[in-house]
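Here the structure comes first, spelled out in structure tokens, and everything after it is commentary.
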Amino acid sequence: MSRTVSSWILSSARNSIVLRGKGRWYSIRIPNRNKIKWKLVFSKTCPYPAGGCSLDSTFSLHRAFRHTSTEEEHFSFQLSPAQINDILRAGELSHKTLDLNGKNANSVLRFESNQLASNSPMEDRRSAATCLQTAGMMFGVFDGHAGAACAQAVSERLLHYIAVSLMSRQSLEEIELAVEAMKPVQPILQWHRHPNDVEYQEITSQYFENLRVYWQHLLDLDTEPGLSLEEAMICAFKRLDSDISLEVQAPQENELMRNIALQVAFSGATACVAHIDGVHLHVANTGDCRAVLGVREEDGTWSTVPLTRDHNAYDEFEIRRLKREHPRSEEKTLFVNDRLLGILMPSRAFGDVQLKWSKELQHSILENSCDVEALNIYQYVPPNYHTPPYLTAEPEVTYHKLRSKDKFLVIASDGLWEMLSNEKVVKLVAGHLTELNMQKPPLTFKKPVNLGYMHNLLLQRKSKGLASLDQNIATHLIRHAIGSNEYGEVDPEKLAAMLTLPEDLARMYRDDITVTVVYFNSETIEDYYRNH
């Protein structure tokens, strides 16, 4: 991106507003900014108010170099390479899987994750955890809209709901007895978190109580064996969404907890969760996050296996599903301008009770609440709202049996997929793996070996460029997503410009991006097939 292009971005921002939707651009001319109080409304639910959960000012990447407004007098797109790296790497998270003996017998070798905000506060969330009372690991990406509250709640709670759904009857009974006796409960998950990944501490106890009600329900079912993994994931998604809806309807004397429940229910989030146990990979998806498998074929080429479908107006299966669920008289109004009821891009999501509740229930809840405008909640009933619910959180679950040629899984919010295709993402990850291996030559020793000699070898390795390469693959993908030119190469000037875009402009050019890449242990997978 040349300075001319950078100047054009700033000039166009100050004179007109370009709203970006998937496959569609909307331009609104502002004749006089000094006379019009303007606020960009840019969530996936466009008629809903802008801004995230006012109680959630928690997730903040480095913003020291980011402008707050296009109205600043001294506006610059310039960043040094070090400043660019500081911004891009602020949300990095990585974890290598080891067993008690320090060896890796898990089919997950390691995972690497990162996030980059566009919205302020960021509306994306992520989760990663090892199941302690059942087998496997789980990874989730959650894309919020109309605020961050719903994505925050789902990222904290959904993996617990799935884990509980998978537990044996005996384990559930043991936990219930411990709670009744007011004894410590054995942890269900071991979380792998970034220091900036936080929780709603004020409402944790209520979340636990509702999780307890859920496992009591599972005990009442009295089924042995328990749910299959696919059934468990579907049941967990639907039950959590139901709890989100019921929590805001329940009487609540604590104003803070009620406000959180309101914001969670009236915002929304899509979700994609992978559960990996040995060679068994299940992916549950609700909305337009995406999971893609990178496969190295026998001839050395790379192929792509999509494990999810985007649930939106561009998917024929979703269109037919909604038409089956609603009267024929509504066929032409279900999707307007490629949005559900003209409002929402994804056709499946958590929260968003405006598209699930009756008009009467919405009015009753908001009428009896405190100052909902202060919480960025407004009652809006779209035209042709006749037969709710129009939205569901029920996921589609895909099963894939891992093979030794399956090398990695990429889960990401749509902020990445709007910029890069499935094939491009797999190509970038594969290329990054190759480059890392090439830039790590084996250390050849000459006898006698001393510390000075070892130090020189390490300096030689560093001089070959390893230090400048992104060690975290998620960072590498984000760098390419926002900084690539028409030739697929990262343009430093474009990258700097995209990172310094002010808050009132950034969302027009890029969305929040969250990426998690899970690398598989080919040796462990091969051992499985040898032993079976």
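For Phe111 and Phe139, the ring centers sit closer than 6.0 Å to each other. A centroid separation of less than 6.0 Å is found between the aromatic rings of Trp191 and His160.
The two residues Asn472 and Leu93 have their closest heavy-atom pair at ND2-O, 3.4 Å. In terms of heavy-atom proximity, Ser267 sits nearest to Gly147 at CB-O, 4.2 Å. Closest heavy-atom contact between Gly351 and Ile244: CA-CG2, 4.5 Å. When all heavy atoms of Ala236 and Ser165 are compared, the closest pair comes out as CB-OG, 3.9 Å. Of all the heavy atoms in Pro382 and Leu341, the pair that sits closest is CG-CD1, 4.0 Å. Contact record, Pro395 with Ala284: CB-CB, 4.0 Å, taken as the closest heavy-atom pair.
Side chain of Asn485 to main chain of Tyr487: a donor-acceptor pair is present (N/O by atom type, distance under 3.5 Å, no hydrogens or angles). Panel note: side chain Thr286, backbone Ala349; no donor-acceptor pair is recorded below 3.5 Å. Listed for the Trp302 side chain is no donor-acceptor partner under 3.5 Å among the backbone atoms of Gly294. Between the side chain of Arg110 and the backbone N or O of Thr97, no donor-acceptor pair lies under 3.5 Å. Of the possible polar contacts, one joining the Thr434 side chain to the Ala430 backbone as a donor-acceptor pair under 3.5 Å is found. Side-chain atoms of Asn337 do not come within 3.5 Å of backbone N or O of Arg339 as any donor-acceptor pair. Within the 3.5 Å criterion, the main-chain N or O of Ala117 finds a donor-acceptor partner in the side chain of Arg510. The main-chain N or O of Ala481 is never found under 3.5 Å from a side-chain atom of Ser484 such that the two would form a donor-acceptor pair. Within the 3.5 Å criterion, the main-chain N or O of Ile473 finds no donor-acceptor partner in the side chain of Asp470. Side-chain atoms of Gln190 do not come within 3.5 Å of backbone N or O of Leu132 as any donor-acceptor pair.
Side-chain contact check for Trp357 versus Ser245: some heavy-atom pair is nearer than 4.5 Å. Using a 4.5 Å heavy-atom threshold, the side chains of Thr514 and Val141 count as touching. A 4.5 Å side-chain heavy-atom check between Leu158 and Ser127 finds every atom pair outside the cut-off. Looking at heavy atoms from C-beta onward, Leu344 lies in side-chain contact with Leu355 at the 4.5 angstrom threshold. Leu495 places a side-chain heavy atom less than 4.5 Å from the side chain of Ile84. Using a 4.5 Å heavy-atom threshold, the side chains of Cys131 and His275 count as touching. Counting heavy atoms from C-beta outward, Gln354 and Ile343 have side chains that stay 4.5 Å or more apart. The closest side-chain heavy-atom distance from Lys356 to Gln362 is not below 4.5 Å.
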*Trace of the side-chain contact (heavy atoms from CB on, under 4.5 Å) decision for Leu307 with Val305*: CA-CA 6 Å; Leu307 297 177; Val305 179; 4.1 Å; yes
*Starting from the C-alpha separation in whole Å, work towards a yes-or-no answer on side-chain contact (heavy atoms from CB on, under 4.5 Å) for Val273 and Ile162.*
CA-CA 10 Å; Val273 176; Ile162 296 172; 3.9 Å; yes
*Give the C-alpha distance, both sets of side-chain angles, the deciding distance and a yes or no for side chain to side chain donor-acceptor pair (under 3.5 Å) between Thr304 and Glu423.*
CA-CA 6 Å; Thr304 304; Glu423 292 73 21; 4.7 Å; no
*Could you walk me through whether Phe266 and Leu366 pass the side-chain contact (heavy atoms from CB on, under 4.5 Å) check?*
CA-CA 10 Å; Phe266 279 85; Leu366 294 180; 3.6 Å; yes
_Worked verdict on Val426 versus Val292 for side-chain contact (heavy atoms from CB on, under 4.5 Å)_ = CA-CA 8 Å; Val426 168; Val292 172; 3.8 Å; yes
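Counting only N and O atoms by type, the side chains of Ser107 and Asn521 include no donor and acceptor under 3.5 Å apart. Between the side chains of His194 and Gln115, no donor-acceptor pair is found at a separation under 3.5 Å. In this structure, a donor-acceptor pair under 3.5 Å is present between the side chains of Ser347 and Glu318. Judged by distance alone, the side chains of Asp512 and Asn119 do bring a donor and an acceptor atom under 3.5 Å apart. For the residue pair Arg290 / Asn422, a side-chain donor-acceptor distance below 3.5 Å is found, with atom types taken as modelled. Side-chain atoms of Arg126 and Ser113 form a donor-acceptor pair, as typed in the model, at a separation below 3.5 Å. For the residue pair Thr398 / His282, no side-chain donor-acceptor distance below 3.5 Å is found, with atom types taken as modelled.
Both the sub-6.0 Å distance and the 45° axial angle are not jointly satisfied by Arg125 relative to the ring of Phe142.
Note that the NE2 atom of His192 and the OG atom of Ser94 stand 11.5 Å from one another [nearest 0.5 Å]. Here the CG atom belonging to Asn210 is positioned 6.0 Å from the CZ atom belonging to Arg157, to the nearest 0.5 angstrom. The structure places CG of Asn312 at 8.5 Å from CG of Asp338, a figure rounded to the nearest 0.5 Å. Taken to the nearest 0.5 Å, the CG atom of Leu420 stands 10.5 Å off from the CD1 atom of Ile482. A distance of 7.5 Å separates CD1 in Ile276 from CE in Met137, rounded to the nearest 0.5 Å. Separation of atoms OG (Ser118) and CG (Asp511) is listed at 6.0 Å; rounding is to 0.5 Å.
Scanning for salt bridge (Lys or Arg N to Asp or Glu O under 4.0 Å) contacts around Lys407 gives an empty result, with sequence neighbours left out. Residues meeting the side-chain hydrogen bond (donor to acceptor under 3.5 Å, both in side chains) test with Gln252, sequence neighbours left out: Gln206.
For the pairing with Val517, the side-chain contact (heavy atoms from CB on, under 4.5 Å) check across Asn114, Leu409, Ile411, Val410 returns one residue only, Val410. When Phe208, Tyr214, Phe237, Phe350 are each tested for a ring-ring contact (aromatic ring centres under 6.0 Å, His included) with Tyr161, only one passes: Tyr214.
In this structure, His476 and His432 have tilted ring planes: the angle between them lies in the 30° to 60° band.
The residues Glu394 and Arg348 are annotated as not salt-bridged, no charged nitrogen and carboxylate oxygen being separated by less than 4.0 angstrom.
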